[in-house]
Amino acid sequence: MAASTNSFLVGNNTQIPALKPKSTSQSLLHLSKPNTVNFAGRAKPVAVRCVASTTQVQDGVRSGSVGSQERVFNFAAGPATLPENVLLKAQADLYNWRRSGMSVMEMSHRGKEFLSIIQKAESDLRQLLEIPEEYSVLFLQGGATTQFAALPLNLCKSDDTVDFVVTGSWGDKAVKEAKKYCKTNVIWSGKSEKYTKVPSFEELEQTLDAKYLHICANETIHGVEFKDYPVPKNPDGFLVADMSSNFCSKPVDVSKFGVIYGGAQKNVGPSGVTIVIIRKDLIGNAQDITPVMLDYKIHDENSSLYNTPPCFGIYMCGLVFEDLLEQGGLKEVERKNQRKADLLYNAIEESKGFFRCPVEKSVRSLMNVPFTLEKSELEAEFIKEAAKEKMVQLKGHRSVGGMRASIYNAMPLAGVEKLVAFMKDFQAKHA
């Protein structure tokens, strides 16, 4: 009797039908270790047959043909969509990573296998962002929110002043946390204008002896993105940027910053990994009250392995870095992101007010696109109908309302094209 790809072979050709998957993507897990099923007290070997997978490339953004019909276009702000080919590669190696006999999730973080993973992840990230040698790369935990405390604890004394440019909710939260550990000076805030712009750098009244100047390079909630960066007036000061939601979405001159930090769960991996890129001469000056797990010197001296790191998350980030390099690097990634953003913003502008984006055009984010409907009572229906068309997580942040489409690196052009087509159809029905 020949076994189908969706059945188990037990003993002497006894066939047990398995649940039929809705798509072949559900049978891609490559199991190499035989399992057993017990009949009448005797263990029988079980063989598992798997099918091969293929991938397609669309404008350089790979989309797995296997399972694509079952996957939605996920516009979530984070955790967010990941490249399908990265997910499939992780799936294939999940049970037995490169014949090591174990999963990445089972490896000792001090073993040679994981050391090769984290070292390659750092090497590929350095290549992507052209990180100078005088900078350290740290793979940490706790999200960017933990860094709101770690930054002042590591970079200044309790009586030092730190300047903040607040262009959205995350910049505001960074100030509130930093106040516990240093003096803070908000030199500009867009709160009164509902966070829809970035200030002219010339109008910023910086503190002349500010230890550093802090910005959030891309405000995930409000969709405001710095297209250029301010320069600290203090010659001994430096720029610090939260890049959580536009990290690796475009080239960045790392040398303009003292510290770049961000959570991985938007553009480069799953939740659980926080990446800090810090100039080495800024390490080693932590306040005495700094917890050991927030001390950059501890993590730098131990190559991000002081305690057990988020191993599988770092592995996934490494796969994403490989994918970005294979696409041609961050200049090519930025080109694709610009094309997607232009398509969506143009659709909003061409709707003649039916859809509206409140953000000033010159600083609209390439990653997070907030928009509202002229008839706000239709917004819930828009979100509901979009979900029926397999476009999910379009509801705006609870503090803002409306809609928000997060179109990170891994969102394929097809996803934005489908959203734009849906928007035009929705307008035709309700205008």
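All of these numbers come straight from a predicted model, not from anything done at the bench.
Judged purely by atom type and a 3.5 angstrom limit, D163 uses its side chain to pair as donor or acceptor with the backbone of T207. Q287 places a side-chain N or O within 3.5 Å of a backbone atom of P152 that can act as its donor or acceptor partner. With hydrogens and angles disregarded, a donor-acceptor distance shorter than 3.5 Å links the side chain of K340 to the backbone of M411. The backbone N or O of D172 lies less than 3.5 Å from no partner atom in the side chain of K191, so there is not a single donor-acceptor pair. Formation of a donor-acceptor pair under 3.5 Å by the R110 side chain with backbone atoms of L305 is found in this model. Not one N or O on the side chain of N346 forms a donor-acceptor pair closer than 3.5 Å with the backbone of L343. The main-chain N or O of G262 is never found under 3.5 Å from a side-chain atom of Q147 such that the two would form a donor-acceptor pair. In terms of modelled atom types and a separation under 3.5 Å, the side chain of H299 and the main chain of M293 share a donor-acceptor contact. Here the side chain of Q427 pairs no donor or acceptor atom with the backbone of F354 at under 3.5 angstrom. Judged purely by atom type and a 3.5 angstrom limit, E177 has no side-chain atom pairing as donor or acceptor with the backbone of F148.
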For this session: Apply side chain to side chain contact (heavy atoms under 4.5 Å, CB included) to D295 and N154, showing your working.
Result: CA-CA 7 Å; D295 191 332; N154 280 272; 3.7 Å; yes

Steps toward ring pair (Phe, Tyr, Trp, His ring centres under 6.0 Å) verdict (F355, F382): CA-CA 11 Å; F355 297 102; F382 179 93; 5.8 Å; yes

(message) Would L330 and C248 count as a side chain to side chain contact (heavy atoms under 4.5 Å, CB included) here? Give the steps.
(response) CA-CA 7 Å; L330 297 187; C248 285; 4.2 Å; yes

List the steps and the verdict of side chain to side chain contact (heavy atoms under 4.5 Å, CB included) for M316 and L87. CA-CA 8 Å; M316 289 296 294; L87 293 174; 4.1 Å; yes

- Task: Would you check, one step at a time, whether the test side chain to side chain contact (heavy atoms under 4.5 Å, CB included) holds for Y212 with V259?
- Result: CA-CA 10 Å; Y212 61 88; V259 183; over 6 Å; no

Check step by step if salt bridge (charged side-chain N to carboxylate O under 4.0 Å, His left out) holds for E332 and R335. CA-CA 5 Å; E332 178 63 13; R335 183 191 69 79; 2.7 Å; yes

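Closest heavy-atom contact between H109 and L115: O-CD2, 4.1 Å. Between H222 and S169 the shortest heavy-atom distance is CE1-OG, 3.0 Å. For the residue pair A386 and L394, the shortest heavy atom distance occurs at CB-CD1, 3.7 Å. Taking both residues in full, the closest heavy atoms of R71 and L82 are given as NH2-O, 4.1 Å, listed atom of the first, atom of the second, then distance. Of all heavy-atom pairs between P83 and V320, the closest is CD-CG2, 4.4 Å. In terms of heavy-atom proximity, N246 sits nearest to K250 at ND2-CE, 4.1 Å.
Between E334 and K331, no side-chain nitrogen of the basic residue sits less than 4.0 Å from a carboxylate oxygen of the acidic one, so the salt-bridge criterion is not met. A salt bridge does not link E381 with K384: none of the charged nitrogens is closer than 4.0 Å to a carboxylate oxygen. The pair D281-R279 meets the salt-bridge criterion, with a side-chain N (NZ, NE, NH1 or NH2) lying under 4.0 Å from an Asp/Glu carboxylate O.
To the nearest 0.5 angstrom, I221 atom CD1 is 6.0 Å from K173 atom NZ. Rounding to the nearest 0.5 Å places CD of E379 at 10.5 Å from NZ of K395. The line from CG of N234 to CG of L208 is 8.0 Å long, rounded to the nearest 0.5 Å. One distance of note links CD1 of I283 with CD of E301; it measures 9.0 Å at 0.5 Å rounding. Once rounded to the nearest 0.5 Å, the distance linking OG1 of T220 with NE2 of H397 reads 9.0 Å. Taken from CZ in F238 to CG in L282, the straight-line distance is 4.5 Å, to the nearest 0.5 Å.
Residue-environment remark: CD (E205) stays at or below the threshold of 12 foreign heavy atoms within 6.0 Å. Within 6.0 Å of the OH atom in Y345, the count of heavy atoms belonging to other residues, nucleotides or ligands exceeds 12. Heavy-atom neighbours of E130 CD from other residues, nucleotides or ligands within 6.0 Å: at or below the threshold of 12. The environment of D288 atom CG is sparse: at most 12 non-hydrogen atoms of other residues, nucleotides or ligands sit within 6.0 angstrom. Within a 6.0 Å radius of NZ in K194, no more than 12 heavy atoms belonging to other residues, nucleotides or ligands are found. No more than 12 heavy atoms of other residues, nucleotides or ligands sit less than 6.0 Å from atom NZ of K424. Annotation for K297: atom NZ does not count as buried by contact number, only 12 or fewer foreign heavy atoms lying within 6.0 Å. The number of heavy-atom neighbours closer than 6.0 Å to CH2 of W188, taken from other residues, nucleotides and ligands shown, is above 12.
Counting only heavy atoms from C-beta outward, the side chains of Y261 and V240 approach each other to under 4.5 Å. Looking at I407 and L419, their side chains never come closer than 4.5 Å, going by heavy atoms from C-beta outward. Counting heavy atoms from C-beta on, the side chains of L325 and E322 never come closer than 4.5 Å. In this structure the side chain of T146 never reaches within 4.5 angstrom of the side chain of T274, judged on heavy atoms. Between I289 and Y181, the closest side-chain pair of non-hydrogen atoms falls below 4.5 Å.
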Considering only distance and modelled atom types, tabulate donor-acceptor pairs under 3.5 Å from the side chains of residues 98-107, sequence neighbours left out.
residue: S100; atom: OG; partner: W97; partner atom: O; Å: 2.7
residue: S100; atom: OG; partner: M102; partner atom: N; Å: 3.4
residue: S100; atom: OG; partner: M102; partner atom: O; Å: 3.1
residue: S103; atom: OG; partner: L94; partner atom: O; Å: 2.9
residue: S103; atom: OG; partner: M105; partner atom: N; Å: 3.2
residue: E106; atom: OE1; partner: S103; partner atom: N; Å: 2.7

Counting only pairs under 3.5 Å, give me each side-chain donor-acceptor contact of residues 360-374, with atom names and distances, residues two or more places apart or in other chains.
residue: E360; atom: OE2; partner: S362; partner atom: OG; Å: 3.1
residue: R364; atom: NE; partner: V359; partner atom: O; Å: 2.9
residue: R364; atom: NH1; partner: E349; partner atom: OE2; Å: 3.0
residue: R364; atom: NH2; partner: E349; partner atom: OE2; Å: 3.2
residue: R364; atom: NH2; partner: C357; partner atom: O; Å: 3.2
residue: R364; atom: NH2; partner: V359; partner atom: O; Å: 3.4
residue: S365; atom: OG; partner: N218; partner atom: OD1; Å: 2.7
residue: S365; atom: OG; partner: M367; partner atom: N; Å: 2.9
residue: S365; atom: OG; partner: N368; partner atom: N; Å: 3.0
residue: N368; atom: OD1; partner: N218; partner atom: ND2; Å: 2.8
residue: N368; atom: ND2; partner: S406; partner atom: OG; Å: 2.9
residue: N368; atom: ND2; partner: Y408; partner atom: OH; Å: 3.0

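For the 3.5 Å distance criterion, the side chains of S136 and D300 qualify, holding a donor opposite an acceptor. Using a 3.5 Å distance cut-off with no hydrogens or angles, the side chains of N185 and T161 do not pair a donor with an acceptor. N337 and N409 share a donor-acceptor pair across their side chains, judged by distance under 3.5 Å alone.
Taking the six-membered ring where the residue is Trp, the centroids of H214 and F164 are separated by under 6.0 Å.
Ring geometry for F73 versus F75: interplanar angle of 30 to 60°, hence tilted.
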